[in-house]
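Notes follow the structure.
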Amino acid sequence: MLSRHMYCFQCQETARQTGCTSGGVCGKSAACANIMDKMIRQLKSIAIAHEPNLKLGRFIIQSLFMTVTNTNFDEKSLLRQLKTAEKLTPPTETLIPLGVLAEADENLRSLKELLTCGVKGIAAYAEHAAVLGKEDMVVYDFIFKALRATAADHSMEHLISLVMECGAVAEKAMALLDTANTTEFGVPRRTRIRVDTGTRPGILVSGHDLKDLHDLLTQTIDLGIDIYTHGEMLPAHFYPELQKYPHLYGNYGNAWHQQSKDFAAFNGPVLMTTNCITPPASSYRKRLFTTGACGFPGIPHIPAGKAGHPKDFSPLIDIARTAPPPTPLEQGRISGGFAHGQLAELTGQILAAVRTGAIRRFIVMAGCDGRYAAREYYTDLAQRLPGDTIILTAGCAKYRYHQLQLGEINGIPRILDAGQCNDCYSLLVFARELKKTLDLDDINKLPVSFDIAWYEQKAVAVLLALLAAGFKNIRLGPTLPAFLSPAVAEMLTNSFGLRPIGEINSDILAMLKGK
């Protein structure tokens, strides 16, 4: 029998900022949490018992993705994956201690969990790329290496070096996904997106997987059904190959944590392609579907297509045919599409504005949104930033401020949205190109400051990528991760200037000074 007790502290909203022990704040049961712990242990055993290869690498990233916060709540699917993992491990293999608390030393535990969370984030991005046919053994090799390390005794110094390597590999994974997306769907371009509703029935797509959206679009051509995006699917509208579908109508609703309100009002079927699903309300439960790594007990799951064929979305289409149109929530349009290709086209304008002082500073406000009121900090900060600053964003953090009317600087919008959380890669590319063009010897001399929000493990991977790239003085909020021990948090502060967010006006003044 599975225990009613658990211990999970991998997300920003973990209970009391220490850890969830009887049920996840996210809605995850103790049973699911314990299966996930066993899954992680089994993946470590696989990494120890086998040399990396494409088949095992793909299995491991799919399994890790299922353990990312708000991805899979379904005990049955998790147990099936665990049983498959067990078959890949020799029965004589030494049993690895179970759960994060098995490491008694809090500093070693902290670094191992930081590494594990980073690897989970890498796995999510690598899986999205693999779905589009792009894989990299460098990524798989590191994931095996990291899993082995978290199962062994190592010094803090060695684990710190692996954490930094994890950041470098996280950037490789984001670059791989960027290549996969742009190869398949074209280079994102500046776009105005509708947030109103049409008069036809619709299907709402949430999560992150662009291929699922594309395949649904192809299966609904000329059926009188509109397709809407939600949450982190909003950036789908930036891609030329997806823009070709006239029934890709617009974006509906807000960030992931408001899906209970948004999904209820939508009226038609809803497809969750990946994280971030929350426990569904009765108002829309009978028209909710999951696919990919995502799962929830009692919710129909759309399986992968057979023999290379696309997934069959006919169950959603059948419901949509007779559904009423979505209930309007908003009006107007929002702007986005400023990935590195589009930013490159704006380089001349941006440089001119920087050199004349019209742009004093770029503030990177990328990352995740979340439920708690403390995140109003980001809305208030965006409103209070001086008019000579530009906000660079990616991820669902933008829902806190992307509809603010902040104007432009010499034709450049003051909010530049690069896309999904993985499109933080575009902001890295932009920063490096700006450093090169301005002939700076240190990336921290750029007029760029970081004030980012986090929620789950993909955000941890992005943070590590920024640290590995050499960026310092990053503000992170609403809180620092609960899995950082005081000593590890101090090390990150001393080495990189990583710090929690503070009082808004003080943070703005410090960032304008490059601090």
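Throughout, numbering of the chain's residues begins at 1 and tracks the sequence. Excluded from the calculations below are hydrogen atoms, water molecules and symmetry mates; all remaining heavy atoms, backbone and side chain alike, are included.
- A salt bridge links R371 with E13: the closest approach of a Lys/Arg side-chain nitrogen to an acidic carboxylate oxygen falls below 4.0 angstrom.
- Here K145 pairs with E165 in a salt bridge; the nearest charged N to carboxylate O distance falls below 4.0 Å.
- Taking the six-membered ring where tryptophan is involved, the planes of F73 and F296 are tilted, since the angle between them lies from 30° to 60°.
- Side chains of E456 and N275: a donor on one and an acceptor on the other come within 3.5 Å.
- Counting heavy atoms from C-beta outward, L427 and L466 have side chains that stay 4.5 Å or more apart.
- Between P280 and L288, the shortest heavy-atom contact is CB-CD2, 3.7 Å.
- Taking the six-membered ring for Trp and thresholds of 30 and 60 degrees, F430 and F362 have ring planes more than 60 degrees apart, a perpendicular arrangement.
- One distance of note links CG of L176 with NE2 of H128; it measures 12.5 Å at 0.5 Å rounding.
- Once rounded to the nearest 0.5 Å, the distance linking CG of L234 with OG1 of T229 reads 5.0 Å.
- Classified by interplanar angle (parallel below 30°, tilted 30° to 60°, perpendicular above 60°), the ring pair Y249/Y228 is tilted.
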Q: Check the pair T220 / H247 against side chain to side chain donor-acceptor pair (under 3.5 Å), numbers first and verdict last.
A: CA-CA 8 Å; T220 49; H247 62 303; 2.9 Å; yes
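- Residue K261 places its NZ atom among more than 12 non-hydrogen atoms of other residues, nucleotides or ligands, all under 6.0 Å distant.
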Q: Could you check D451 against Y377 for side chain to side chain donor-acceptor pair (under 3.5 Å), going step by step and ending with a plain yes or no?
A: CA-CA 11 Å; D451 197 352; Y377 162 97; 2.7 Å; yes
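- Between the side chain of T71 and the backbone N or O of T67, no donor-acceptor pair lies under 3.5 Å.
- At a cut-off of 3.5 Å, with distance as the only test, a side-chain donor of H230 or D262 sits close to an acceptor on the other residue.
- In this structure, the side chain of R287 engages the main chain of G268 through a donor-acceptor pair within 3.5 Å.
- Contact between D417 and S335 at its shortest, heavy atoms only, is CB-O, 4.3 Å.
- No side-chain donor-acceptor contact under 3.5 Å links T191 to the backbone of G337.
- Taking 4.0 Å as the cut-off between side-chain N and carboxylate O, D215 and K311 do not count as a salt-bridged pair.
- Residues Q342 and P188 share a closest heavy-atom pair of CB-O, 4.1 Å.
- Residues T69 and Q457 bring a donor and an acceptor atom of their side chains to less than 3.5 Å of each other.
- In this structure, OH in Y399 is found 7.5 Å from CD in E232, a value given to the nearest 0.5 Å.
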(Q) As a quick check of understanding, evaluate side chain to side chain contact (heavy atoms under 4.5 Å, CB included) for Q243 and R189, giving each step before the final call. (A) CA-CA 10 Å; Q243 290 174 351; R189 59 192 181 193; 2.6 Å; yes
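- The minimum heavy-atom distance linking A366 with C424 is given by the pair CB-SG, 3.7 Å.
- E135 is listed as a side-chain neighbour of L54, based on a closest heavy-atom distance under 4.5 Å.
- Residues Y378 and D369 form no side-chain contact, since every pair of their non-hydrogen atoms from C-beta on lies 4.5 Å or further apart.
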Q.
Run I302 and L316 through side chain to side chain contact (heavy atoms under 4.5 Å, CB included) and show every step you take.
A. CA-CA 10 Å; I302 304 297; L316 287 91; 3.9 Å; yes
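- Between the side chain of T379 and the backbone N or O of R400 there is at least one donor-acceptor pair closer than 3.5 Å.
- Proximity of F266 to Y284: side-chain heavy atoms (C-beta onward) are nowhere separated by under 4.5 Å.
- Listed for the E433 side chain is no donor-acceptor partner under 3.5 Å among the backbone atoms of A344.
- A distance-only check finds a donor-acceptor pair linking the side chain of N72 to the backbone of A293 [under 3.5 Å].
- A search for side chain to side chain donor-acceptor pair (under 3.5 Å) contacts involving R432 returns E171, not counting sequence neighbours.
- Looking at T89, D37, T84 one by one, the single match for side-chain contact (heavy atoms from CB on, under 4.5 Å) with Q42 turns out to be T89.
- Side chain of R375 to main chain of C368: a donor-acceptor pair is present (N/O by atom type, distance under 3.5 Å, no hydrogens or angles).
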Q) Which is it for L213 and D209 under the side chain to side chain contact (heavy atoms under 4.5 Å, CB included) test, yes or no, and what are the steps along the way? A) CA-CA 7 Å; L213 175 66; D209 197 287; over 6 Å; no
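- To the nearest 0.5 angstrom, R58 atom CZ is 4.0 Å from E127 atom CD.
- Around atom NZ of K435, more than 12 heavy atoms belonging to other residues, nucleotides or ligands sit under 6.0 Å away.
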